[in-house]
Amino acid sequence: PFAGVQLTGKRDGVVQIGKKKYLLEHKTKGEIKEDRIELKLAIDLQTQLYILAYYEEHGIWLDGVLYNVIRRPKVKPAYRESLGKFADRLEREIDRDRNYYFYRWFCEYSKDDRELFRFELEHKIKHIRDVVSGKLPVLRNEASCHGNYECPFLRACATNSFAGYR
């Protein structure tokens with residue numbers, strides 16, 4: 001438990017490169033924006049939670065993350081194409097431009113980065129506890145209410161109540 005909260009997840013692995021140890025993460029994405037991924041990794045909640053969990057489990061801070069991204073191909077099976085022929089065609093497509101489909105980033109976290117993350121996480125957990133207990137109102141993030149996915153907290157935001165969410 002961290003700050004009295006049981007956090008769960010599954011990291012893909014840990015690798016050692018030279019004298020440094022990195023969290024290993026694999027992701028698939030339909031669209032890859034290299035500059036945004038680099039910036040996102042600097043503040044990525046999941047990655048930093050896994051690094052904190054590793055420290056809590058082993059007493060060793062990981063130096064950062066090795067982040068592999070595989071682009072999902074847009075190639076689709078042709079009408080009545082067998083699975084074998086589609087697989088062969090897809091393999092040829094990927095072989096033509098592996099750099100388009102496979103990306104890798106290293107992101108290192110300093111001691112200051114880790115301390116800031118830990119500080120912010122403790123405050124986020126306290127804030128969530130205060131909202132759930134009714135000490136603080138639900139803070140609405142109205143920009144997240146619209147989009148491709150239905151927000152499971154839309155009713156809580158619209159009614160300013162966590163009734164039914166406890």
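Residue numbers run from 1 in the order of the sequence given.
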Decide yes or no on side-chain contact (heavy atoms from CB on, under 4.5 Å) for Trp105 and Lys40, but give the supporting numbers first.
CA-CA 11 Å; Trp105 285 271; Lys40 183 184 174 299; over 6 Å; no
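- Under the 4.5 Å side-chain heavy-atom criterion for Ile, Leu, Val, Met, Phe, Trp and Tyr, Ile32 and Ile70 are members of distinct hydrophobic clusters.
- Counting side-chain heavy-atom gaps under 4.5 Å among Ile, Leu, Val, Met, Phe, Trp and Tyr, the cluster of Leu66 also holds Val15, Ile17, Tyr22, Leu24, Phe106.
- Aromatic ring pairs are classed by plane angle as parallel below 30°, tilted from 30° to 60° and perpendicular above 60°; the pair His123 and Phe119 is tilted.
- The main-chain N or O of Arg92 is never found under 3.5 Å from a side-chain atom of Asp95 such that the two would form a donor-acceptor pair.
- Taken to the nearest 0.5 Å, the CG atom of Asp88 stands 8.0 Å off from the OG atom of Ser82.
- A donor-acceptor pair is defined here as one N or O able to donate and one able to accept, closer than 3.5 Å; such a pair exists between the side chain of Asp12 and the backbone of His26.
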Check the pair Trp61 / Ile51 against side-chain contact (heavy atoms from CB on, under 4.5 Å), numbers first and verdict last.
CA-CA 7 Å; Trp61 282 109; Ile51 289 173; 3.9 Å; yes
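- With sequence neighbours excluded, the residues that form a side chain to side chain contact (heavy atoms under 4.5 Å, CB included) with Gln16 are Lys21.
- In this structure, Arg114 contributes its side chain and Gln48 its backbone to no donor-acceptor pair below 3.5 Å.
- Put simply, Leu39 and Val69 are part of two different groups of oily side chains (I, L, V, M, F, W, Y) that touch within less than 4.5 Å, one to the next.
- Looking at Asp63 and Lys19, their side chains never come closer than 4.5 Å, going by heavy atoms from C-beta outward.
- The side-chain heavy atoms of Val65 and Tyr50, taken from C-beta on, include no pair separated by under 4.5 Å.
- The two atoms that bring Asp113 and Tyr109 nearest to each other are OD2-CA, 3.5 Å, heavy atoms only.
- Residues Glu81 and Lys76 approach most closely at OE1-O, 4.4 Å, considering heavy atoms.
- Taking CD of Gln46 as the start and CG of Leu41 as the end, the distance is 10.5 Å to the nearest 0.5 Å.
- Between atom CD of residue Glu120 and atom CD of residue Glu122 there is a gap of 11.0 Å, rounded to the nearest 0.5 Å.
- Ion pair Lys74/Glu93 not flagged as a salt bridge, since none of the NZ, NE, NH1 or NH2 atoms sits closer than 4.0 Å to an Asp/Glu carboxylate oxygen.
- You'll find the side chain of Lys29 reaches within 4.5 Å of the side chain of Ile37, heavy atoms only.
- With rounding to the nearest 0.5 angstrom, the CZ atom of Arg71 is 8.0 Å from the CD atom of Glu31.
- The pair Asp130-Lys126 counts as a salt bridge, with a side-chain nitrogen and a carboxylate oxygen less than 4.0 angstrom apart.
- In this structure, Glu25 and Arg11 approach most closely via the heavy-atom pair OE2-CA, 3.9 Å.
- Taking OG1 of Thr47 as the reference point, atom CG of Leu52 lies at 12.5 Å (rounded to 0.5 Å).
- Counting heavy atoms from C-beta outward, Phe117 and Ile43 have side chains that stay 4.5 Å or more apart.
- By the 4.5 Å heavy-atom criterion applied to side chains, Val75 and Ile94 are not counted as neighbours.
- Both Leu90 and Phe102 are assigned to one and the same hydrophobic cluster, defined by single-linkage of ILVMFWY side chains at heavy-atom distances under 4.5 Å.
- Using a 4.5 Å heavy-atom cutoff, the side chains of Leu23 and Tyr54 are not in contact.
- Residues Thr28 and Arg72 come closest through the heavy atom pair O-NH1, 3.3 Å.
- In the displayed structure, Lys85 atom NZ is contacted under 6.0 Å by at most 12 heavy atoms of other residues, nucleotides or ligands.
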